[in-house]
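For reference, the structure is listed below as C-alpha cells.
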Amino acid sequence: MSATTTPPVVTEPNPAFDVRAFRNALGSFPTGVAIITTMGADGRPVGLTCNSFSSVSLEPPLVSWGLRINSKSLEAFQKAGAFAINILAEDQKDLSGRFASGQIVDKFEGVAWHKGHRELPIIEDCVATFECDKFAEHLAGDHVLFLGQVAKFEHGRHEDSLVFYKGAYMMLTQSLRELSARGRMEPGNLDQARRLVNCMLLRLACENGAEEDFDAIENNILQIEQLVAPEEREQRAEASLEFFRLITHAAHNEVLVVVSETLTNIMRQVLKADSSLRYRPDLVPVRKQILSHLRERDAEAAEAAMSHYFDEMRRGAAAASAALAST
C-alpha cells in the first residue's frame with residue numbers, strides 16, 4: 001500500500017469558462033449515490049455522501065472517489081488508512097440526505113451499522129459495500145482524489161441503486177417505490193400497470209426481438225417448469241419475474257426497460273411478502289403460447305395471451321386470499 005500526493009498544476013483561470021454550464025453538463029451523466037465512511041482518529045465513525053465513486057482497475061481491484069479540499073471531513077480521510085464505500089438503494093434517499101447535511105453533528109445516530117475491515121463503519125442493508133485500504137491520494141484541482149484497494153466487498157440487496165441525475169434523484173423509480181412503501185399502491189393498479197406495459201413491450205418484441213431473445217425466453221420457461229418443490233418458491237418467483245424481464249429486453253426500447261424493471265422490482269417485494277403463492281403449472285402453457293406468438297411476430301395474439309396470463313394470475317391471487325381468509 002502506498003500513499004502519495006501529487007503537487008497541483010497551477011493554471012491561469014479562464015474567464016470565458018462557464019463553471020455553472022460545466023456543472024450542468026456533468027449532471028447529464030447519471031451517477032450512483034454512495035456513503036463513504038472511515039474511522040476517525042478519535043475512534044468515532046465519519047461519513048459523507050458522494051456521487052463521484054468509480055471503478056479503476058480489476059487487477060489489482062482499485063476504486064476511486066473525490067472529496068472537496070474544503071470539506072470538514074478531509075483531514076479524517078487523509079489520516080485514515082482505509083475507507084468503505086456503501087452503495088445506496090433507491091429507498092435509502094433519507095440516508096443520502098442525512099450524510100450530505102452539514103447541520104447534523106452525529107450522522108450515525110439512529111443508523112444501523114457495524115464494524116468491518118480495519119474497524120471500518122459499514123452501513124447495513126446497502127446494495128453493495130466495498131471495504132478498501134487506501135492505495136493512493138492525489139490533489140486534483142479543488143478536490144482530493146482517493147484511490148482504494150478493495151480488501152473485501154459484499155453485494156447484498158438485489159434492488160435498484162439510488163441514482164442522481166441533473167441535480168436531483170431519478171424520480172420515476174423513487175416515486176413508485178415510495179408509493180409502494182406507503183401502502184398507496186393498490187394491487188389492482190400495479191396489476192393494471194404491469195399488464196399495459198407488458199402488452200406494449202410484447203408488441204415491440206414482435207417487431208424488434210431477435211431469435212436469441214426468444215431462445216432466452218424459452219430457456220427461462222424450461223427453468224420455471226423444473227422449479228416445482230415448495231422450498232423452491234423464491235427461485236420460482238424470481239424466474240417468473242425473469243420471464244418478463246426477458247420480454248422487456250426483447251423489445252429493445254430503453255425507455256420502457258426503465259419503466260418495466262421499476263414495476264418488476266416493486267412486484268418482487270410483493271412476491272416476497274406474499275406467503276400464499278403456490279406453484280401454478282396452468283400458467284406454463286400460457287407462457288409457451290406467448291413465446292410462440294412472439295416467434296410468429298403475431299402481436300395481436302401475443303397481447304391476447306398476455307392478457308389471459310394476467311387474468312389467470314388475478315384469479316389465482318383472489319382464490320388464495322379467499323382460502324387464507326377462511327382458515
Side-chain angles (χ1 to χ4, degrees), residues 89 125 127-128 154-161 177 180 185 187-188 190-199 201-202 205-206 209-251 256-257 259-296 301-325 327:
D125 206 29
V127 170
E154 181 178 358
H155 187 190
R157 299 169 57 181
H158 295 281
E159 312 287 344
D160 286 341
S161 300
R177 175 77 71 175
S180 177
M185 182 174 289
L190 177 59
D191 174 79
Q192 185 180 46
R194 293 184 69 232
R195 180 191 298 254
L196 291 172
V197 169
N198 280 286
C199 283
L201 288 166
L202 270 179
C206 285
E211 286 303 314
E212 52 263 34
D213 294 322
F214 302 149
D215 290 342
I217 295 171
E218 183 172 1
N219 290 333
N220 168 260
I221 294 173
L222 293 173
Q223 179 189 12
I224 294 172
E225 285 185 284
Q226 296 170 3
L227 297 170
V228 298
E231 63 271 17
E232 294 175 318
R233 173 185 173 277
E234 289 188 11
Q235 297 97 307
R236 187 167 60 248
E238 193 61 39
S240 298
L241 292 175
E242 178 72 2
F243 173 75
F244 290 99
R245 191 187 71 82
L246 291 171
I247 290 175
T248 298
H249 284 271
L256 286 176
V257 164
V259 177
S260 178
E261 292 195 346
T262 298
L263 292 172
T264 296
N265 281 329
I266 293 172
M267 192 62 193
R268 179 179 285 110
Q269 300 304 314
V270 173
L271 292 175
K272 285 181 179 179
D274 189 353
S275 59
S276 67
L277 290 174
R278 297 293 182 268
Y279 176 50
R280 295 288 304 276
D282 55 308
L283 293 178
V284 173
V286 185
R287 293 189 185 96
K288 291 181 177 179
Q289 287 174 10
I290 293 171
L291 174 60
S292 177
H293 297 318
L294 281 171
R295 291 192 185 277
E296 295 164 357
E303 185 174 342
M306 179 65 80
S307 293
H308 177 62
Y309 181 96
F310 277 100
D311 288 340
E312 290 301 311
M313 285 289 293
R314 179 179 291 179
R315 275 193 284 269
S321 297
L324 190 63
T327 58

Item checked: Separation of K288 NZ from I290 CD1 (nearest 0.5 Å) -> 13.0 Å
Item checked: Point-to-point distance, once rounded to the nearest 0.5 Å, from SG of C206 to CG of L201 -> 11.0 Å
Check: Checking E238 side chain against E234 main chain: does a donor-acceptor pair fall under 3.5 Å?
Finding: no
Next item on the list: Measure across A302 and L202 and return the closest heavy-atom pair with its distance rounded to 0.1 Å.
Entry: O-CD1, 3.3 Å
Margin query: Please enumerate all residues that pass side-chain contact (heavy atoms from CB on, under 4.5 Å) together with D213, with sequence neighbours excluded.
Written below: A210, A250, H252
Next item on the list: Taking side chain to side chain donor-acceptor pair (under 3.5 Å) as the test, write out the residues that go with E211, two or more places apart.
Entry: R295
Checklist line | Qualifying residues under side-chain contact (heavy atoms from CB on, under 4.5 Å), relative to R287, sequence neighbours excluded | finding: I221, I224, S240, F243, L283, V284, Y309
Check: How about E232: does its CD atom have over 12 heavy atoms from other parts shown lying under 6.0 Å from it?
Finding: yes
Next item on the list: Sequence neighbours left out, what passes ring-ring contact (aromatic ring centres under 6.0 Å, His included) with F214? Give chain and number order.
Entry: none
Check: Heavy-atom distance under 4.5 Å between the side chains of D311 and R195, does that happen here?
Finding: yes
Next item on the list: With sequence neighbours excluded, tell me which residues meet side-chain contact (heavy atoms from CB on, under 4.5 Å) with E296.
Entry: S292, H293, D298
Margin query: Using every non-hydrogen atom in the two residues, find where A216 and L246 come nearest and quote the distance to one decimal.
Written below: O-CD1, 3.5 Å
Next item on the list: Would you indicate whether the side-chain heavy atoms of E242 and R245 approach each other to under 4.5 Å?
Entry: yes
Note to self: Show the nearest heavy-atom pair for residues L294 and A205, with the distance to one decimal.
What the structure shows: CD2-CB, 3.7 Å
Item checked: Residue list, side-chain contact (heavy atoms from CB on, under 4.5 Å) with E231, at least two apart or on another chain -> A229
